[in-house]
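A, B, ... follow the sequence lines: proteins, then strands. Residue 1 opens every chain. These numbers come from a predicted model, not from an experiment.
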There are 2 protein chains.
Amino acid sequence: MPPKRKPENNEEGNSKKKTKLSRKLAEKIQEEPKSLVVKDETEPQTSAAKGAAEQVGIDYSCDARNKHGNTFNVRITNWNVDGLRAWVKKEGLSFVDQEKPDIFCLQETKCSIAKLPKEIKDVKDYKMFWHNSNKEGYAGVGLFSRDEPLSVKYGLGNEEHDSEGRCITAEYEKFYVVSVYVPNAGRNLVTLPKRLEWNKIFKEFIKELDEKKPVIICGDMNVAHNEIDLTNPKTNTKNAGFTKEERDGMTDFLADGYVDTFRQLYPDKTGAYTFWSYMRQARSKNIGWRLDYFILSNRIADNVCDNIIRSEVFGSDHCPITLFINI
Amino acid sequence: MPPKRKPENNEEGNSKKKTKLSRKLAEKIQEEPKSLVVKDETEPQTSAAKGAAEQVGIDYSCDARNKHGNTFNVRITNWNVDGLRAWVKKEGLSFVDQEKPDIFCLQETKCSIAKLPKEIKDVKDYKMFWHNSNKEGYAGVGLFSRDEPLSVKYGLGNEEHDSEGRCITAEYEKFYVVSVYVPNAGRNLVTLPKRLEWNKIFKEFIKELDEKKPVIICGDMNVAHNEIDLTNPKTNTKNAGFTKEERDGMTDFLADGYVDTFRQLYPDKTGAYTFWSYMRQARSKNIGWRLDYFILSNRIADNVCDNIIRSEVFGSDHCPITLFINI
DNA sequence: CCTAAGATG
DNA sequence: CATCGTAGG
């Protein structure tokens with residue numbers, strides 16, 4: 001897959017101050033629901049190409065080189081958006097416009113195709129694919145692709161799980177990309193059995209893909225793998241996302257021949273999370289969990305240039321993560 | 001009941017410009033749910049006694065005289081608040097603080113006592129009484145009284161209707177005040193039978209009160225009595241609030257010895273509504289219904305000084321109405 | 001188009 | 001403490 005857009009490689013010498021534009025953008029007026037989003041009129045409107053990136057102050061460039069000495073030629077971003085419609089109102093799309101990934105995977109869209117907001121339908125730069133739950137407003141995943149994939153597959157071939165809209169597989173020349181939303185084990189672990197059942201099926205599904213081409217799994221795996229992956233490991237061992245069963249599930253999966261790219265790149269990095277409860281101002285205190293991952297077939301692990309957690313970007317209780325890879 | 005506060009009788013020569021403060025006050029910040037209400041900091045904070053009335057530009061005074069030539073000594077305000085908690089966030093209480101009624105009746109509080117917001121618990125000027133539905137978030141009425149009533153009665157003595165929290169009766173020396181929320185006939189008139197059943201029971205209930213002392217009924221009667229009482233009478237004859245049955249119910253009730261004070265005072269006044277659907281910007285186009293009334297025993301009708309519809313006051317799909325009476 | 005509760009996270 | 005669908009208006 002030839003990238004349509006050359007990597008920037010810091011060619012613009014961006015400033016790196018990290019403001020929280022999304023917070024500003026999220027202001028809404030009670031009495032005027034039609035214009036929920038207040039655009040900051042004090043900022044001059046520059047061309048889309050010039051980039052909101054500069055305005056926002058996030059550096060979207062990447063000059064990191066992989067083990068082979070190459071800079072990236074494919075950028076993949078993943079985000080559990082926690083409700084596509086709310087996310088659109090919070091200017092989620094302007095992030096996509098700034099990050100400009102080649103492939104964008106979303107989870108928890110909670111939106112049937114009939115109810116997609118106009119702003120989504122108006123997106124021109126991407127082909128879009130959706131796998132929705134039969135249950136309105138629940139789960140659902142999406143995949144945006146700048147290039148047309150060779151094929152797109154919905155679900156795992158398991159009737160029960162596929163009815164919940166949790167998996168899209170896009171095939172490209174040299175790899176598969178999987179946008180996945182792993183079942184949450186639920187309050188009091190009521191759905192832990194379903195989750196463990198999913199783990200088996202998903203592992204088998206990925207194994208079959210991996211036998212053909214290397215796989216890039218992007219998604220909300222709904223587990224913090226190790227103690228380093230959440231703020232409060234001690235108090236969460238009985239809670240969804242950090243039970244022994246779920247953690248072992250991840251260990252077991254990786255043992256099949258995959259790598260958690262973020263942890264491979266940053267084995268000792270603490271405080272690196274992708275999810276924070278909306279409760280108790282967890283995010284501002286960085287009381288979080290790393291639930292969102294890029295998991296790659298071992299044989300392409302050395303192709304990875306970087307894996308960035310965009311924790312400054314708001315719009316959901318999860319933040320986006322971006323993979324830079326040369327492949 | 002001696003009023004604690006003297007009527008102003010225009011003594012301050014208030015300005016009458018009518019701004020829409022509530023709209024301003026209702027602005028909220030998505031990311032800061034703890035401070036939903038944005039106070040207008042450009043307005044200097046004057047003392048509470050000086051009164052927000054002047055700031056807002058609504059003239060809360062009344063110098064009208066009744067048939068006996070007297071100005072009012074009791075002010076009663078009624079408001080269907082459409083959700084007490086939302087209404088509090090929209091600064092509903094600041095209206096009460098400005099209007100300063102002796103008695104304030106509310107309908108559709110949709111809030112059990114356990115969930116009353118702090119701002120309500122903090123109110124010092126009134127004794128408060130609540131009659132709530134067994135069904136959370138549904139119906140519910142309240143009554144605030146500056147003076148302690150001689151007695152307070154909840155409901156009509158009918159088990160089914162009383163389980164929905166629709167009626168509070170406060171007894172004073174010279175009269176009863178009833179805060180009432182009459183059942184809506186529902187979409188496709190599904191609950192019209194219940195409503196007509198209510199009418200019978202309510203009429204009987206009021207009759208018994210009226211035999212002891214004159215009655216001041218305040219509330220959402222959920223009917224536009226005559227064609228003059230809604231914008232579109234022709235197209236609403238089959239809709240809840242303007243069916244023949246509901247209209248006849250009001251006619252029948254009044255025939256028992258009561259008067260709709262607003263219509264008595266202003267028999268030909270058009271465009272006088274107390275409710276506007278949130279849909280289709282009905283309020284800004286004044287496409288509305290007069291559903292909220294003061295209905296008084298005939299023998300005190302001539303005590304009424306005025307009945308004002310505060311259509312400039314926002315915070316609900318209904319607006320407040322205020323009765324000025326000397327009694 | 002609003003409110004609220006309830007399910008889910 | 002957010003999202004959503006639904007009931008109720």
Nearest to the A:R187 side chain among D:dC4, C:dT3, D:dC1, which nucleotide is it? D:dC1
Interface residues of residues 221-232 of chain B with DNA chain D (non-hydrogen, below 4.0 angstrom): none
B:E108 CD to C:dA4 C1', straight-line distance once rounded to whole Å: 10 Å
When the distance from CZ of B:R195 to P of D:dG8 is rounded to whole Å, what number comes out? 17 Å
Of all the choices, D:dC4, C:dA4, D:dC1, which nucleotide is nearest to the side chain of A:Y278 once you look at every atom? D:dC1
Considering non-hydrogen atoms only, spot the tightest contact between A:I309 and A:R290 and give its length. CD1-CD, 4.1 Å
Salt-bridged, A:K115 to A:E136, with N to O below 4.0 Å? yes
Taking only N and O in the side chain of A:Y138, is any of them less than 4.0 Å away from OP1 or OP2 of C:dG9? yes
N or O in side chain of A:K90 less than 4.0 angstrom from D:dT3 OP1/OP2: yes
Specify the separation, in whole Å, of atom NZ of A:K89 and atom P of D:dA2. 15 Å
Which residues pass the salt bridge (charged side-chain N to carboxylate O under 4.0 Å, His left out) test with B:E227, not counting sequence neighbours? B:K234
Starting from C1' on D:dA7, measure out to CD on B:E136 and report it in whole angstrom. 15 Å
Any salt bridge linking B:K89 with B:E119? Criterion: basic side-chain nitrogen under 4.0 Å from a carboxylate oxygen. no
To the nearest Å, give me how far apart CD (B:E164) and C1' (D:dA7) are. 13 Å
Only counting residues at least two apart or in another chain, list the ones meeting side-chain contact (heavy atoms from CB on, under 4.5 Å) with B:N78. B:C105, B:Q107, B:C218, B:D292, B:F294, B:I321
Do B:E108 and B:R166 sit within salt-bridge range, that is, some charged N less than 4.0 Å from a carboxylate O? no
Given DNA chain D, 5'-ward residue of the pair A:S277 and B:A185, judged by closest heavy atom: A:S277
Cation-pi check, B:R283 to B:F275: give yes when NZ or CZ is under 6.0 Å from the six-membered ring centre and within 45° of the ring axis, no otherwise. no
Picking from C:dA4, D:dT3, C:dG9, the nucleotide nearest the side-chain atoms of B:A86 would be C:dA4
Check the distance between D:dC1's P and A:I287's CD1 and give it to me in whole angstrom. 13 Å
D:dA2 P sits how many Å from A:N184 CG, rounded? 19 Å
Nearest whole angstrom, please: distance from the C1' of C:dT8 to the CG of A:N239. 15 Å
Charged N to carboxylate O under 4.0 angstrom, B:E99 versus B:R310? yes
DNA chain D: B:F275 or A:R85, which has the more 5' nearest nucleotide? A:R85
With heavy atoms under 4.0 Å as the rule, sort B:Y181 into base, sugar-phosphate or nothing. sugar-phosphate
Report which part of the nucleic acid B:D317 touches: base, sugar-phosphate, or nothing (heavy-atom distance under 4.0 Å, all strands). nothing
Proximal nucleotide (of D:dC4, D:dG8, C:dC1) relative to the B:K135 side chain: D:dG8
